Amino acid sequence: MTFLATILVLIGFYSLYYTSKKAVLHYDNTLELWMKQNPKYSKRIGLFFLITAYSFLVFSNALGTGTLIFFIQLMTIGSLVIILRPLKKR
């Protein structure tokens, strides 16, 4: 369940990252181009994935532990996306 929540946090943060106006963006594939052209839907999808990941972690752990794990995952994955994506690392 934690691995699934980690993947959902990655997808959610990545879709919210591509709707940012300050981010250095590279359009390597059609999904990234679609996310930039449709920011309203991308933000909804990103928030849906983040809320789903948070609820998975809260239901599989307790409220405090799930919240702590969610924020640790969000900070770690967010840092990696912001550092590695402009370098075009996959």
Side-chain angles (χ1 to χ4, degrees):
M1 190 65 88
T2 305
F3 179 73
L4 178 63
T6 305
I7 297 298
L8 291 176
V9 169
L10 175 67
I11 294 169
F13 187 86
Y14 192 73
S15 66
L16 289 175
Y17 174 72
Y18 257 83
T19 59
S20 173
K21 294 182 181 14
K22 293 182 182 180
V24 178
L25 303 175
H26 305 283
Y27 303 112
D28 292 344
N29 59 25
T30 57
L31 179 64
E32 294 167 354
L33 185 61
W34 183 86
M35 284 191 286
K36 184 62 179 176
Q37 290 174 348
N38 301 313
K40 185 177 180 180
Y41 295 119
S42 297
K43 286 181 183 180
R44 288 182 183 174
I45 291 169
L47 288 174
F48 172 75
F49 280 129
L50 288 177
I51 291 169
T52 304
Y54 178 70
S55 65
F56 281 168
L57 288 171
V58 166
F59 288 129
S60 66
N61 302 309
L63 179 65
T65 307
T67 303
L68 179 66
I69 291 172
F70 175 75
F71 282 116
I72 290 172
Q73 285 181 351
L74 189 63
M75 287 187 291
T76 305
I77 289 172
S79 299
L80 288 173
V81 167
I82 289 171
I83 290 171
L84 296 179
R85 189 59 199 143
L87 299 174
K88 293 187 178 181
K89 300 288 182 192
R90 297 209 181 242

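Keep in mind that the numbers below use all heavy atoms, side chains included, and drop hydrogens, waters and symmetry copies. All of these numbers come straight from a predicted model, not from anything done at the bench. This chain uses plain numbering: 1 for the first residue, then up along the sequence.
- Counting heavy atoms from C-beta on, the side chains of Ile82 and Phe13 come closer than 4.5 Å.
- By the 4.5 Å heavy-atom criterion applied to side chains, Glu32 and Tyr14 are counted as neighbours.
- Here Gln73 contributes atom CD and Leu68 contributes atom CG; the two are 10.0 Å apart, rounded to the nearest 0.5 Å.
- Residues Leu8 and Met75 are members of separate hydrophobic clusters, defined by side-chain heavy-atom contacts under 4.5 angstrom among Ile, Leu, Val, Met, Phe, Trp and Tyr.
- In this structure, CD in Gln37 is found 10.0 Å from OG1 in Thr30, a value given to the nearest 0.5 Å.
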Using the side chain to side chain contact (heavy atoms under 4.5 Å, CB included) rule, take Thr67 and Asn61 through it: C-alpha gap first, then chi angles, then the decisive distance, then the call. CA-CA 9 Å; Thr67 303; Asn61 302 309; over 6 Å; no
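- Annotation: side chain of Ile45 is not in contact with side chain of Ile11 (no heavy-atom distance under 4.5 Å).
- Within the 3.5 Å criterion, the main-chain N or O of Tyr17 finds no donor-acceptor partner in the side chain of Ser20.
- By the rule that hydrophobic residues join a cluster once side-chain heavy atoms approach within less than 4.5 Å of another member, Leu10 and Leu4 end up as members of one cluster.
- Contacts of Leu50 classified as side chain to side chain contact (heavy atoms under 4.5 Å, CB included), with partners at least two apart in sequence or in another chain: Val9, Leu16, Phe70, Leu74.
- In the hydrophobic clustering of this structure, Phe48 groups with Ile77; members are Ile, Leu, Val, Met, Phe, Trp, Tyr whose side-chain heavy atoms approach within less than 4.5 Å, directly or through other members.
- Contact detail for Gly46 and Ser15: the closest heavy-atom pair is CA-OG, 3.0 Å.
- In terms of heavy-atom proximity, Ala5 sits nearest to Ala53 at O-CB, 3.5 Å.
- No continuous path of hydrophobic side-chain contacts links Phe59 to Met1 [ILVMFWY only; heavy atoms under 4.5 Å].
- Hydrophobic clustering of Ile, Leu, Val, Met, Phe, Trp and Tyr side chains at less than 4.5 Å, counting indirect connections, keeps Ile51 apart from Phe49.
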